[in-house]
Each structure stands twice: as structure tokens, then as C-alpha cells.
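The analysis underlying the following values was restricted to heavy atoms, covering all of them including side chains, and did not include hydrogens, waters or symmetry mates. Since we're looking at a predicted model, the values are computed, not measured. Throughout, a chain's letter reflects where its sequence line sits, starting with A, and its residues are numbered from 1.
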Amino acid sequence: MLSTKLLYIPGVVLILTGIPLAFFPAWLRRSIIITLPPLLLLHMWTFSGGDIHVTWLGYKLTLLHLSSTGLLFASVFMFALWAGSLFALQDASPLELGSAFIYAGGAIGICLCADWITLFCYWELMALSSTLIVWCGKQQDSWRAGLRYLLIHLAGGVALLAGIGALAAAGGSLELGRLAPGGYAYWLILAGILLNAGAPPFSFWVADAYPQASPSGMVFLSAFTTKTAVFVLITAFAGANVLIPIGIYMAIYGIIYALLEQDIRRILAYSIVNQVGFMLVAVGVGTPDTLNGAQAHAVAHILYKMVLLMGAGVIMRSLGTTKARELGGALWHKMPWTTACILVGAAASMGVPFTSSFVTKSVVLSGLADAGMGFVWVLMLVCSATVVFNAGGRFPWLALFAPTATSAATSKVDAPKVTDPKGLALFAMLAGALLCLVIGWFPQSLYSALPHTAIYQPYTFGHILEQVQILAVAGALFWLTRRVLYPSASITLDTDWFLRVAVLRTWQWFSSGLATSYAKSIELLTSSQMRSYMLIFILHGPRGILARSWYTGSIALWVAVMLASYIILYNLNAIPGLNVLQQLLGR
Amino acid sequence: MRAPISSAKDSVIVSKTTSRLLWIVLSMLLLGADLIWTPHAPVSHLPQIGIYMLITLTGTVVVLGVTLGLRRLLQRGEDYYAEH
């Protein structure tokens, strides 16, 4: 029975649970959130029932296929859902929690399916549910940012669907796997996926939409969309060289815009683009080592970014703002646990030895070096070092340690609600931080889950010294320039300017031109010269009095009247001296 | 309590002491780098003297320079989109 088999698919279970989750009583919702993700995680790793197929319109759809890459991504997604939901229980709305389950279900469904049609269904579901999460943020610009987010993701979905359609029309296999380069299908699908990855020129949507979500909403958002895109790129576009320049652009873009940003959550959003760029470069190079590195780093990135965003979320819950200039400074002594978790997450993001990124990012760099890509290696090394200037050093400094810019903000710190989170929220944050350390201390636990045979050894004298050099220089430069780079109360223009200003102004110009033309047309039509034409139009136009339908009797009456008039005139003409017709005709 | 930073719009002038410290730290780091063994670098044709430090230093300075340049070009007031 297919309906029974569907319950073996973790993504479907999450979606079916997520739809009614908002309507469940609080105790039931809480129980489901605490128990369901771990149970499904256990199910994924112990399931031995083989692939689940279904035939639809002649196409064989594979709804469940446990590949090593898919299983790795699905597992970390499941953990992100669990930890994020535990963190969200404190203040997230039931709608946000339900949407998060559907969103995660879509992401996990993509990782565990093996055909493009099923992938597309999950893809669209992710776009809709993640938009709901943005809207649940209920911030000043949540609604509009959500609309922009939805617009871009639906456009990406259209490109993806067109590509899948082109693939099917060309007689290609719809099985999810590496696509042959070239052709409309290849480029359309790639464009659709890259939109979700935050590739240029649409990288702005990450920092535009994510910080508009609630404290917990951004934790969910950071984990799934971009990393699902990375998963699909690994599966279908490994070795596509076009990804290398795109990834380099994203990595540099993320650094520069994060440096110009004043909002700590937007700094983390730009940092997501930066790190996804790193992964795209690795996928674009496409050797077994770099593909291993991309996957390992995606896992590490999800975990440490989750911890950092939870930390930022705690600050947002406490102070009601995430603008660096309004944070009050020296929050670290009011929130020791949050500070500890943020510092672990920040260390992991920078690649400090014995944290997760140290053992994952170096796989990518080593792979680039072994592939002989010296220039790309240098660029990625610099991008790796400059993480100190966003998530690694600048974020914790601005969030916890920097003196405040305004004296009004200082008083906020003394408010009683400025404390560490309690209960499950604290547990979620600690669990994430702990995993960042566990991966750093025991890298083989992650390497063994990678699809290609991993022979990389991160803990060598040379590698540790190499990383210490990088961190020492970048750290010294950060410390010396920290005041110069202190954020101002401003925004930075991005390519979203075209969407928010240029397109809007063009539309306004077009609509005002249209209105003017209409007004002028009406004026022309009502002028004295046009009145005679109007009269003719009124009489003879489609609804004119002379164009109407008449009853037969009425017509006969008028014909009779005309004939009678004619006879009378004719007879009058016959009378001498009363030549009426001649007079009428002017003769 | 530390004094608040007055305004981010005003560029903060780095003091002479800080500037000297910067050069001392960088010189020390580069000197220390002489001892560094760099087996992973795909730049083996270059002398292996603090190559990671040099790359990091050069790259980071370039990134910071570009960032400061773009700051002048792209930054607007917080109400920019509300006004436009």
C-alpha cells in the first residue's frame, strides 16, 4: 500500500505533521516537537526497506532513496529542525512552528528523493512555508521582505520547472543525478537552484528576508534553503566550472557587505552567503576531496550558524533590537551561557583548531591545493581568514563586548529580562555548540559519513600552524581596525535597489504616463471639434439611437408615415403656385 | 564604564601608539612566520616564509580597502527606502 509506504518517508511525515501542528493543543505540539525529529532521525539511519517508487503520468518517481550525501544532509537538517523548534518553543507562534515542520519536511524530502519531479514539489513547498516563517516575524518590513523573498523563489521555481520540462521534452532521464552540461534544461535548472543558493545578482534576498523573521524563524531559515541548494548542486552539478566564479563572488560579497552592516543578524545573513560561496567553489572544482569538503563544511556551517543565530535571537528577545549601536554593550556579563555558546560558534566559524570548521574548511582548501588551483586557493584562503571580520570576530564583539554608541542603549542592559534563555532554549543552544566541538575533536565521526573515501588528516603540525598564522594576522587586523569599521546608522545599497527603487520608479513613471495619456484622450474627445463626431457616434455608434433594433410594427408605422408624407408632398407639388418640392430642392 | 563611541560616521583616527603597535605586531608575526612549515600550499615555487601570513595580510588589506571605498559609494541613511 502506497499510503502506508508514505509514512516511511521522513519528509512526508514532517509535512503531514506540520500542516495541522498549529491547531494542536500546546501540550501535544510540545510533545511532538520534542519527540518526533529524534525518532525520524533514528528511523532514517535504521531503515532498510529499500527505495520507495511510485508511477505518475508514466514517470517513475523515487520518493525515498537513501544515498550517503542525502542521508548526511537530511540528518543535519533533522537536528536543525529539532534544536530550532526547542529554541522556538519559548515564543514562536504555532503557525511558525507548523511552517517550520513543513519547511524542514521539504528540505529533507529533497535530500531523500531521487527524481526531479518529486524534488520540484518539495522545492515549491519550501518556498511557500519559508515565506510564512518570514511573515511570522511580524517586524516592520516582514511583509514586504516576505513578498520579495516569495517573488524570487517562485521565479526560481519557474526556472526549475521549465528546466525539468525541457529535460523531459528532450527525452532525458528525470532521475536525480549529474546532468550533462549544455542545453536549455541544464542552464534553466542550474539558474533555478542558484537562485535558492543566494547567487548573484540575487544574493541580497538572504540578508533582506532572513533578519525579518522572528528570533527562532531565522534559525530555521539559515539551515535549509541555501544548504538544500548546495545539496542539489553537489548531486547534479559537481564539477560545473561556472560555479567557481559565482562562489568566489559570493564569498567576497558576503565579507564586504557584512563589514558594512550594523545589524548583527544581517551580519550573520551575509556570512551565510559568504560560506555558501565557499561551498559552491568546492562543488565547481568537483574533485572527490572538494566534494567531501563541501558536504562536511555544509554540515559544520549549519551547526555553528544555528548557534550564532540562537545567540543573536536571545539578544533580540531581551533587548528588542539587533542593531549594534543600540545593544547596550557589555552584554557578556549578563548572559554567560549565551556568551559561551556564541564564542564557540564564532570559533567554529573562523576555523579555530578543535572546532568544526577547522576540520571541514581545510578539506576544501586542501582539495583546491591538490587540484592545482593556486589562484582560487589564495582567494579562498583570504575569504577564510576574513571570516574574522563577520561571524567570527566582529559579530561577537558587536553583540557582546563593544561599547555602545548611545547612552540610551546602555540602560537597556540593566533590564531584568536581559538574561540567558532557560530550559529547552538553553539546551538547544548548548547542544549545537557541543556538536561544533565534537566535530572538531573527533573529525572522523563526520568524515566517515562522507561519500568519498576521506584520507585527510586535519591535526598535523603544519596545518595547525598554518591556521594559527591566518587567525593571528586576521585577528590582529580586526582588532586594530575595529573602531574604524564600527557600524554607522545606515543601510548599504545592494542589487535589491533595482527591485525596490528602479522597478518601482519605472512602474510609477509608466502608470503616471498612462494616466496622463488617458486624461488627454478624454480632453480631446470632449473638445468642440470632436463634439460633432461624438454626435454622429451617439446616433450611429454601436449603441446609437439609429443603430438600435426596432420592432417590426414600429418600422411599418414609420414607413407608412414616410409614404404618406411623400404622397402629400407629391400632390401639393401638382397644385400650381405651390411647387413645394422644387422650392425644397432649391430649383 | 568605557566611553561610548561618539559617532560611526566620524572616522576614528588611529592613535600613534596603536599605529606603532600595528607595525610591531605585524613585524613579529612575519618574523615568526620564518619558522612556519607550510606543506599544503600550492605555491611551493615561492619561498616558504610565512606565506600564509603574507597572503592573509595582503588579501585582508585589499578587502578592507575595497570595503571602505564601497562604504562611501553605497551607504545611505536608514530611511532611504522609506523615502524612495
Side-chain angles (χ1 to χ4, degrees), chain A residues 141 252 255-256 259-260 262 325 329-330 362 365-366 368-374 377-379 381-383 385-386 388-389 402-407 409-410 460-463 465-467 469-470 472-474 476-477 480-481 483-494 500-501 504-505, chain B residues 1-14 18-19 21-23 25-26 28-30 32-33 35-46 50-64 66-71 73-82 84:
Chain A
D141 201 30
I252 296 171
I255 294 164
I256 291 176
L259 265 169
L260 295 171
Q262 62 159 331
R325 297 167 60 82
S362 50
L365 285 171
S366 168
L368 291 176
D370 293 342
M373 308 198 76
W377 175 84
V378 168
L379 287 176
L381 190 72
V382 172
C383 290
T386 44
V388 173
F389 288 84
T404 180
T406 58
S407 54
T410 314
T460 60
F461 178 71
H463 181 220
L465 279 181
E466 161 195 325
Q467 195 64 12
Q469 285 183 73
I470 293 169
V473 174
L477 281 173
L480 292 169
T481 57
R483 287 175 184 273
V484 179
L485 294 169
Y486 192 80
S488 56
S490 60
I491 60 140
T492 309
L493 296 184
D494 199 342
R500 299 173 71 170
V501 178
L504 204 64
R505 278 186 189 169
Chain B
M1 180 177 263
R2 282 172 290 182
I5 289 173
S6 58
S7 165
K9 277 190 173 176
D10 308 328
S11 55
V12 180
I13 298 165
V14 180
T18 311
S19 177
L21 184 66
L22 168 70
W23 289 113
V25 168
L26 291 179
M28 291 289 285
L29 288 171
L30 287 170
L35 304 170
I36 300 301
W37 175 48
T38 52
H40 297 296
V43 283
S44 51
H45 56 285
L46 295 174
I51 192 72
Y52 286 100
M53 284 191 167
L54 285 171
I55 291 172
T56 306
L57 181 64
T58 312
T60 307
V61 168
V62 169
V63 168
L64 291 178
V66 171
T67 305
L68 291 173
L70 285 175
R71 184 158 81 171
L73 191 69
L74 297 175
Q75 281 205 325
R76 299 287 186 278
E78 280 185 300
D79 297 331
Y80 176 81
Y81 283 121
H84 292 78

How long is the span from the CG atom in A:Leu259 to the OG1 atom in B:Thr67, to the nearest 0.5 Å?
4.5 Å
Residue A:Leu379 versus chain B: region with a heavy atom under 4.5 Å
neither
If one checks every heavy atom of A:Thr481 against chain B at 4.5 Å, the contacting part turns out to be side chain
With a 4.5 angstrom heavy-atom cut-off, could you sort out which part of B:Leu73 is near chain A: side chain, backbone, both or neither?
neither
Are any non-hydrogen side-chain atoms of B:Tyr81 and A:Leu504 less than 4.5 angstrom apart?
no
Given the options B:Val61, B:Leu68, B:Leu64, B:Val66, which has more heavy-atom pairs under 4.5 Å with chain A than any of the others?
B:Leu64
Based on non-hydrogen pairs under 4.5 Å, which of A:Asp141, A:Ile470, A:Val388 is most in contact with chain B?
A:Ile470
Region of A:Thr492 that comes under 4.5 Å of a non-hydrogen atom in chain B:
both
Restricting to non-hydrogen atoms, name the atom on A:Ala385 and the atom on B:Thr56 that form the minimum distance, rounded to 0.1 Å.
CB-CG2, 3.4 Å
Side chains of B:Thr60 and A:Val473, heavy atoms from C-beta outward: is any pair under 4.5 Å?
no
Side chain, backbone, both or neither: which part of A:Gln467 has a non-hydrogen atom closer than 4.5 Å to chain B?
neither
Separation between CG of A:Leu485 and CZ of B:Arg71, rounded to the nearest 0.5 Å
6.5 Å
Smallest separation among heavy atoms of A:Leu260 and B:Gln75, with atom names:
O-NE2, 3.1 Å
Would you say A:Leu493 and B:Arg76 make side-chain contact, with heavy atoms under 4.5 Å?
yes
